[in-house]
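Remarks on the structure that follows.
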Amino acid sequence: MRYLDQAAIEHIAIGAAFLGTGGGGDPYIGKLMALSAIEKNGPVKLYSVDEIADDDFFIPAAMMGAPSVLVEKFPRGDEFVKVFQKLAQYLGREKIAGTYPMEAGGVNSMIPIVVAAQLGLPLIDCDGMGRAFPELQMVTFHLDGISATPMAITDEKGNIGIFETIDNKWTERIARTATVEMGASSLVSLYPTTGAQIKQSGVHHIVTLSEKIGEIIASKDQEVNDKLQSLLKLADGYELFQGKIVDVIRETKGGFNLGKMNLEGIESYKNDQMKVHFQNENLLAEKNEQVIAMTPDLICLVDYETLLPVTTESLKYGKRVRVIGLPAHEKWRTAKGIETAGPKYFGYEYEYTPIEELVKKEVAEHV
């Protein structure tokens, strides 16, 4: 166990936004909420998965919807605790042992810190994705047959409700419809889990990994290329491209940010082009018309000079970025993981190929 102070939260916000692959919400907004919560209530305890009891009970809390909406539709501030407490009350649980992030993302890694600080609960060093994904069934708990419901949902206006569904795909469909009616963003609490289920099905050490990534990116002791190499080594990643955004096609539809961006290469990539397709998160990257990375592997955009993460709602013409690819957690590389969040689920007619194989193939073709 250790405490998360202001510096830790600053670093977690950066690292989680990086792992969020463009989704998970604006890290700046999430960071401000978390910093305000610990300033008022004190630092939050972080427990490793090994430190929790099998029969203790835990509830995550998260934002659902299109991340771009947060730029104009700010949370009121008390929704996170209300939705958490609503689910606990419905479950008849007098004691909730802690909370944890549902995914790695700028806002969605911060919301559980707000809940933990306001309710005096510990945060658990795990999540349900190891990255961010756009739909509620795209979590490692679903892969092991754990139900998303009962779940609670609320908005900044005070509407609140409970869903019980026949399966996790129906949870996504019904909750997405409610989220659209709530203004394209909502707050949810779902996948209530025991300590044993977290140990079996969660992605462990994700908060700590986010913090380490954030420390590298925020470091002022290294030049950008040295920081990049440290980042790639830590995350087992690849630099896929350096380029300038020359076109962005984006719309908010059905509670998602949908679109694609075109990049023209710079520096050693000046004769190359890249397309990145996204649905909240970056899902498919094509370099010179050949796929170089695909979901469930991670496609992360960072600022060319600072390496700070670039979310899909902040994409704009002329911005210079680096595209970094990371292998997904092993749970996503199973048959059910690929069925749940692989390229074909999102309508891309490709068989999933691990990023390390695609990179190796691309390098071999250019030798």
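For the single chain, residues carry numbers from 1 onward in sequence order. Just so you know, these numbers come straight off a predicted model, no measurement behind them.
Side chain to side chain, Tyr345 and Glu135 meet the donor-acceptor criterion of an N or O pair below 3.5 Å. Side chains of Asn280 and Asn257: a donor-acceptor N/O pair is absent below 3.5 angstrom, by distance only. Side-chain contact, Tyr90 with Gln85: no donor N or O sits under 3.5 Å from an acceptor N or O. Side-chain N/O atoms of Thr149 and Thr171 include no donor and acceptor closer than 3.5 Å.
A distance of 12.0 Å separates CE in Met151 from CD1 in Ile59, rounded to the nearest 0.5 Å. Interatomic distance, Lys360 NZ to Leu358 CG, rounded to the nearest 0.5 Å: 12.0 Å.
Distance alone, capped at 3.5 Å, places no donor-acceptor pair between the Asn159 side chain and the Thr154 backbone. Listed for the Thr179 side chain is no donor-acceptor partner under 3.5 Å among the backbone atoms of Met64. The backbone N or O of Pro327 sits nowhere less than 3.5 Å from a side-chain atom of Arg333 that would complete a donor-acceptor pair. Not one N or O on the side chain of Asp155 forms a donor-acceptor pair closer than 3.5 Å with the backbone of Met182. Side-chain atoms of Gln197 come within 3.5 Å of backbone N or O of Thr194 as a donor-acceptor pair. A donor-acceptor distance shorter than 3.5 angstrom exists from the side chain of Asn282 to the backbone of Ile299, with no hydrogens or angles considered. Side chain of Arg322 to main chain of Tyr304: a donor-acceptor pair is present (N/O by atom type, distance under 3.5 Å, no hydrogens or angles). No donor-acceptor pair under 3.5 Å is formed between the side chain of Gln89 and the backbone N or O of Lys86. Side-chain atoms of Glu251 do not come within 3.5 Å of backbone N or O of Gly259 as any donor-acceptor pair. Not one N or O on the side chain of Ser109 forms a donor-acceptor pair closer than 3.5 Å with the backbone of Gly106.
The shortest side-chain heavy-atom distance between Ile198 and Phe58 falls under the 4.5 Å cut-off. Asn168 has its side chain out of reach of Leu136: every pair of non-hydrogen atoms, C-beta onward, lies at least 4.5 Å apart. Inter-residue side-chain proximity for His142 and Thr340 is flagged as met; some heavy-atom pair is nearer than 4.5 Å. Looking at Pro309 and Leu301, their side chains never come closer than 4.5 Å, going by heavy atoms from C-beta outward. A heavy-atom distance below 4.5 Å is found between the side chains of Phe133 and Pro296.
At a threshold of 4.5 Å between side-chain heavy atoms, the hydrophobic network of Ile, Leu, Val, Met, Phe, Trp and Tyr places Ile249 and Phe256 in two separate groups. Residues Val359 and Tyr269 fall within the same hydrophobic cluster, defined by Ile, Leu, Val, Met, Phe, Trp and Tyr side chains chained together at heavy-atom separations under 4.5 Å. Ile124 and Leu4 sit in two unconnected hydrophobic clusters of ILVMFWY residues. Membership requires side-chain heavy atoms under 4.5 Å apart, directly or through other members. The hydrophobic cluster containing Met261 also contains Ile292, counting ILVMFWY residues as joined when their side-chain heavy atoms lie under 4.5 angstrom apart, directly or transitively. Leu35 and Tyr28 are not part of a single hydrophobic cluster, where members link through side-chain heavy atoms under 4.5 Å apart.
Pairs passing the salt bridge (Lys or Arg N to Asp or Glu O under 4.0 Å) check and including a residue from residues 107-120, sequence neighbours excluded, do not occur. Evaluation of the salt bridge (Lys or Arg N to Asp or Glu O under 4.0 Å) test over residues 168-195, restricted to residues two or more places apart or in two chains, returns Glu172-Arg176. Sorted by first and then second residue, the pairs that involve residues 193-214 and meet salt bridge (Lys or Arg N to Asp or Glu O under 4.0 Å), not counting sequence neighbours, are Arg2-Glu211, Asp54-Lys199. Pairs engaging residues 29-46 under the side chain to side chain donor-acceptor pair (under 3.5 Å) rule: Glu10-Lys31 [sequence neighbours left out].
For Trp332 and Tyr352, the distance between ring centers is not under 6.0 angstrom. With ring centers used as reference points, Tyr348 lies under 6.0 Å from His277.
No option in Leu298, Ile324, Val310 other than Ile324 meets the side chain to side chain contact (heavy atoms under 4.5 Å, CB included) test with Phe18.
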Kindly list each side-chain donor-acceptor pair under 3.5 angstrom involving residues 221-229, sequence neighbours excluded, with atom names and distances?
from: Gln222; atom 1: NE2; to: Ser230; atom 2: OG; distance (Å): 3.4
from: Lys227; atom 1: NZ; to: Ile217; atom 2: O; distance (Å): 2.8
from: Lys227; atom 1: NZ; to: Ser219; atom 2: O; distance (Å): 3.1

Table please: side-chain donor-acceptor pairs of residues 240-248 below 3.5 Å, with sequence neighbours left out.
from: Gln242; atom 1: NE2; to: Glu239; atom 2: OE1; distance (Å): 3.1
from: Gln242; atom 1: NE2; to: Glu239; atom 2: OE2; distance (Å): 3.3

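Between Phe141 and Tyr100, the two ring planes are tilted [angle within 30° to 60°].
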